[in-house]
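Written below as structure tokens is the structure these notes are about.
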Amino acid sequence: TFEFLNILQVHGFPRVMGVLTHLDMMKNNKNMKKTKKKLKQRFWTEIYQGAKLFYLSTINHGQYSKHELHNLGRFISVMKFRPLEWRSAHPYILADRMEHITPPEDVRLNPHCDRIISLYGYMHGVGLKPNSKVHIP
């Protein structure tokens with residue numbers, strides 16, 4: 001779903017390829033072509049222009065055809081991915097440890113005071129500027 005693409009967007013888009021299924025439900029070829037085109041344009045809007053979208057359309061006895069699955073496997077194995085521009089243009093941190101260093105007396109007097117934390121881990125992308133604000137989900 002496109003909601004899942006938004007989740008991937010937050011994480012800097014790891015390798016993504018779309019697979020469009022249930023095309024056998026559409027009996028009208030003209031309607032199916034329009035739907036494919038609309039979904040491909042939306043997929044390109046969410047990911048990047050030219051992102052690969054693979055179609056699985058033939059179901060026999062409740063399973064996709066071996067030929068289509070073979071093509072999908074081959075497609076995945078030879079697929080080349082674009083470099084992730086977002087990751088190289090933005091700083092991001094992989095924290096493996098966090099320490100809460102706010103003085104306990106400040107927290108006791110005001111439980112809603114600003115907290116001071118120290119993160120330990122790995123820095124990726126471009127450098128993080130001193131005193132810049134960060135978002136911690």
Side-chain angles (χ1 to χ4, degrees):
T1 63
F2 290 104
E3 290 82 14
F4 185 70
L5 292 177
N6 290 333
I7 293 169
L8 290 175
Q9 216 169 16
V10 172
H11 294 285
F13 273 123
R15 297 177 178 176
V16 175
M17 180 190 83
V19 179
L20 190 58
T21 60
H22 296 335
L23 295 175
D24 60 314
M25 300 291 198
M26 295 182 185
K27 302 301 178 195
N28 185 353
N29 252 358
K30 194 173 191 180
N31 190 21
M32 183 169 65
K33 283 184 182 182
K34 282 183 183 179
T35 304
K36 277 182 176 180
K37 189 173 182 176
K38 283 181 184 178
L39 287 173
K40 184 167 84 170
Q41 289 301 321
R42 174 76 192 274
F43 190 69
W44 284 3
T45 303
E46 295 289 334
I47 309 286
Y48 59 85
Q49 288 293 320
K52 298 300 179 190
L53 188 60
F54 197 84
Y55 305 106
L56 293 177
S57 58
T58 309
I59 293 183
N60 295 324
H61 306 294
Q63 295 182 341
Y64 290 106
S65 71
K66 287 184 179 183
H67 181 69
E68 282 186 344
L69 292 177
H70 184 295
N71 286 343
L72 176 61
R74 187 173 346 134
F75 189 76
I76 291 171
S77 67
V78 299
M79 194 163 111
K80 293 185 177 143
F81 297 97
R82 279 182 29 173
L84 298 172
E85 293 174 20
W86 188 92
R87 279 191 175 180
S88 61
H90 294 82
Y92 60 101
I93 301 170
L94 174 63
D96 59 4
R97 190 179 82 194
M98 178 185 85
E99 289 184 10
H100 183 238
I101 56 176
T102 308
E105 184 64 21
D106 291 352
V107 175
R108 188 183 68 75
L109 293 175
N110 181 9
H112 300 291
C113 69
D114 289 340
R115 306 299 172 106
I116 302 169
I117 62 168
S118 181
L119 297 173
Y120 298 89
Y122 302 95
M123 181 73 195
H124 296 283
V126 296
L128 190 62
K129 296 176 185 167
N131 299 322
S132 61
K133 296 184 178 189
V134 297
H135 171 74
I136 302 173

Could you list all the salt bridge (Lys or Arg N to Asp or Glu O under 4.0 Å) pairs where at least one residue sits in residues 109-136, not counting sequence neighbours?
none

Side chain to side chain contact (heavy atoms under 4.5 Å, CB included) involving Lys34 - partner list, sequence neighbours excluded
none

With sequence neighbours excluded, what pairs up with Met32 under the side chain to side chain contact (heavy atoms under 4.5 Å, CB included) test?
Leu23, Met26, Asn29, Lys36

Which heavy atom in Pro91 sits nearest to a heavy atom in Val126, and how many Å separate them?
CB-O, 3.1 Å

Residue set satisfying side chain to side chain contact (heavy atoms under 4.5 Å, CB included) with Glu68, at least two apart, ordered chain then number -> Leu56, Ser57, Thr58, Tyr64, Ser65

Partners of Asn131 by side chain to side chain contact (heavy atoms under 4.5 Å, CB included), sequence neighbours excluded?
none

Quiz: residues 101-108 side-chain donor-acceptor pairs under 3.5 angstrom, not counting sequence neighbours:
unit_1, atom_1, unit_2, atom_2, d
Thr102, OG1, His100, NE2, 3.3
Thr102, OG1, Ile116, N, 2.6
Thr102, OG1, Ile116, O, 3.3
Glu105, OE1, Arg108, NE, 3.3
Glu105, OE2, Arg108, NH2, 2.6

Within 6.0 angstrom of Glu99 CD, more than 12 heavy atoms from elsewhere
yes

Who passes side chain to side chain donor-acceptor pair (under 3.5 Å) against Arg74, sequence neighbours left out?
His70, Asn71

Supply the members, apart from Leu94, of the Ile/Leu/Val/Met/Phe/Trp/Tyr cluster built from side-chain contacts under 4.5 Å; use none for a lone residue.
Tyr122

With sequence neighbours excluded, what pairs up with Ser118 under the side chain to side chain donor-acceptor pair (under 3.5 Å) test?
Tyr120

Measure across Leu119 and Ala95 and return the closest heavy-atom pair with its distance rounded to 0.1 Å.
CD2-CB, 4.2 Å

